[in-house]
Amino acid sequence: MAQKELMPGQKRFTVPAVIADLAILGWFVFSLFPIVWMVMLALKTPSEQTTTYFKFAPTLDNFVTVLTERGTLLTSVNFPAAILSSTINCLGAVVISLLVGIPAAYAAGRWRFRGSDSLMFNLLSFRFAPELMVIVPLFVIYNTIGLFDTSLGMVWVLQLVTMPLVVWILRSYFEDLPEDLEQAALLDGYTRRRAFTMVALPLVRPGIAASALLAFIFAWNNYMFPLILTNSGSVTVAITKFLGGGGQAYYNLTAAAGVVGALPPLILALTIQRYLVQGLSFGAVKG
Amino acid sequence: MSIRQHGAMRSADDTVGGHQPPAVSPARRKWRPYILSIPATIILIGILYPFVQGVGYTFLNYRATEPNPHFIAVGNYVAVFTDPLFWSSVRITGTFAIVATVVETILGVIIALLLNRSSMIGKIFEKVLILPLMIAPVIAAVIWKLMFNPQFGILNHIFRLGSTYDFLSADRALWSIILVDLWIYTPFVAILVLAGVRSLPREPFEASAVDGANWFYMFRRLMLPMMWPYILVAVIFRFMDCLKVFDIVYVLTQGGPGHATSTLQVNAYINSIINFNYSGGATYMFILWIIVYLTAQQLVKLLGRAQARAAGSEA
């Protein structure tokens, strides 16, 4: 193998290198163990749910239970309904964020206009504002105007999560897009709108996909909004209910529901891994 | 440096350069960005409205038992600032945010440097690194809660602690929550810093290697200054999020035992949603919002300076 450039810690096959590999291995044992444990617990039978051994006959029974009526009858947690409402609410929130966010991101990325910075800053401040500051009044408003426990209400409030993400990420994509391309289209007699839809939009498709998937992940993982603003809840709220507040706890069902609830974000995250860094830091750091 | 600089953006008027597209009046061109931003602005207002209303609550005695609230000036603030529970939750939140952010940053930087060695193991583990970060914090907290269980939790079993050792007891709960937080979010710091390390130019390192500089010297004098902006971005995001921690605390301990883990946002939740004291909760949140806002401002200033310095050392 060719001699590689030296970066700190890059020497190989030495004692420090072995120690470094062991250290990283240690982190990954720590990092993966809880996930492995959750999957194992989900595969155990009810009589084994309080055991700590690693050898057992795995069963998919718990998954069947949480995903069907059987779980609802047993635990009074309607997990299938929670999955459905989480899916509808999160998809709705992402679609609206895209419809509304793409034009705003384009405007902010292409032109510098009075108020553009304050619009962007306000969107960013949502990311850092304590959610309850908005939710407590919303809780009162929703109860008054009947938006409590509705999809419309959830889609609206989830904009707090999804909109800043979509607008901030896409703005940086539109900024990086060379304007010459649109200029050429304009000179060819395209209207601005057609130059946008035919030239600019297809070129930022990776950005749109990445921001949409990330927004979906964060909306899906959100806990406080459905906890306060709905009765029927969401996947995240339903999972905590399996733990049983005072009543009987179903550890293996909790674990099975946890696995099911964790799968969509994990699958989506792995498909957009290339864009994760940018998305997580709102484009402040490019991957 | 990729952190957005606004100076480079064009004005609304000069966007089409020397060529004028046909049939679009200058007035229409001038208003275009505003028109495009209208829908987003409407949603923004829709969310700012409750925020402003929440600020209004802090000057009322609004609660479920007081459906027709009246103005009590700074009464809520006096009540909050003289409440020992508030100061204890400030202390708990501060401890949590500082310890979690510092530990996560140090661990994250170490992991990023280790993964950057591009060994076989590093390549495989990079994919696995983000898993805890993408699982909902609530699910992570639920798994850990099961593992923390003194009777049948796996941790007490593995470490032979016996069933009397409780990870979530009054004096240990905060540290257990920090442990869960760093399990989830250390990868966040690591992948941001890793992206930063990978974007560093090679030349300065080669040059100083030729000069016979040792590893530690290169790390301290070259790598750290250039990486500092990336580390700071991670610190800003982590610290801000830690100040408003809710999910994992609420699932693991609900602020207990007693008030041992009542962070500001947990306390505000209990106040306003469980006890229906809307004004009390809103006051907590408004104070927290001011703290977060001022801290963010200072950190962003620091980031600007670090970027300027890093740009200087790269040149």
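Because the structure is predicted, anything quoted here is derived from the model rather than measured. Throughout, a chain's letter reflects where its sequence line sits, starting with A, and its residues are numbered from 1.
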Tell me the closest heavy-atom pair linking [X] and [Y], and the distance in Å.
| X | Y | answer |
| --- | --- | --- |
| A/W156 | B/G46 | CZ2-CA, 3.4 Å |
| A/A269 | B/M134 | CB-CG, 3.2 Å |
| B/A136 | A/T236 | CB-CG2, 3.8 Å |

Structural part of [X] lying under 4.5 Å from a heavy atom of chain A:
| X | answer |
| --- | --- |
| B/L264 | neither |
| B/L182 | both |
| B/A296 | neither |
| B/D247 | both |
| B/I273 | side chain |
| B/Y269 | both |
| B/V52 | neither |
| B/N149 | side chain |

Is chain B contacted by the side chain of [X], its backbone, both, or neither, given a heavy-atom distance below 4.5 Å?
| X | value |
| --- | --- |
| A/T254 | side chain |
| A/L268 | neither |
| A/F139 | side chain |
| A/L41 | side chain |
| A/L160 | both |
| A/I141 | side chain |
| A/M133 | both |

Below 4.5 Å, heavy atoms only, C-beta onward: do [X] and [Y] meet side chain to side chain?
| X | Y | answer |
| --- | --- | --- |
| A/F28 | B/L131 | no |
| B/L107 | A/W27 | yes |
| B/Y57 | A/P137 | yes |
| B/I143 | A/F33 | no |
| B/P137 | A/N221 | yes |

Determine the option with the most heavy-atom pairs under 4.5 angstrom with chain B, choosing from [options].
| options | answer |
| --- | --- |
| A/S97, A/P103, A/A107 | A/P103 |
| A/L276, A/L270, A/V157, A/V235 | A/L276 |
| A/I35, A/V259, A/V237 | A/I35 |
| A/V140, A/L32, A/L138, A/I217 | A/V140 |

Chain A: which of [options] shares the most heavy-atom pairs with it under 4.5 Å?
| options | result |
| --- | --- |
| B/I111, B/V292, B/V251, B/I191 | B/I111 |
| B/T186, B/I38, B/I42 | B/T186 |
| B/F188, B/Y49, B/Y293, B/Y284 | B/F188 |
| B/L155, B/L44, B/I110, B/L48 | B/L44 |
| B/I154, B/V138, B/I135 | B/I154 |
| B/Q53, B/K145, B/M147 | B/M147 |

- Item | Nearest-0.5 Å distance that lies between atom NZ in B/K244 and atom CG in A/L132 |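 Output value for this atom pair is 10.0 Å.
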- Task: Run the numbers on B/I139 and A/M38 for side-chain contact (heavy atoms from CB on, under 4.5 Å), then give the verdict.
- Result: CA-CA 10 Å; B/I139 298 180; A/M38 172 169 69; 4.0 Å; yes
- Message: If you apply the rule side-chain contact (heavy atoms from CB on, under 4.5 Å), what do you find for A/I96 with B/I43, and how did you get there?
- Response: CA-CA 10 Å; A/I96 293 198; B/I43 291 203; 4.1 Å; yes
- Message: Would you call the rings of A/Y223 and B/Y250 parallel, tilted or perpendicular, taking 30° and 60° as the class edges?
- Response: tilted
- Query: Between the main-chain N or O of A/F30 and the side-chain N or O of B/W183, is there a donor-acceptor pair closer than 3.5 Å?
  - Reply: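 Yes; judged by distance alone, with no hydrogens or angles, the pair exists.
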- Query: Are the side chain of B/Q265 and the backbone of A/E131 linked by a donor-acceptor contact shorter than 3.5 Å?
  - Reply: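 Judged by distance alone, yes, a pair lies under 3.5 Å.
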- Query: Run the side-chain contact (heavy atoms from CB on, under 4.5 Å) check on B/L146 and A/L243 step by step: do they pass?
  - Reply: CA-CA 9 Å; B/L146 294 176; A/L243 273 177; 3.8 Å; yes
- Mind running side-chain contact (heavy atoms from CB on, under 4.5 Å) on A/V136 and B/M285 for me, showing each step along the way? CA-CA 10 Å; A/V136 173; B/M285 280 303 90; 5.6 Å; no
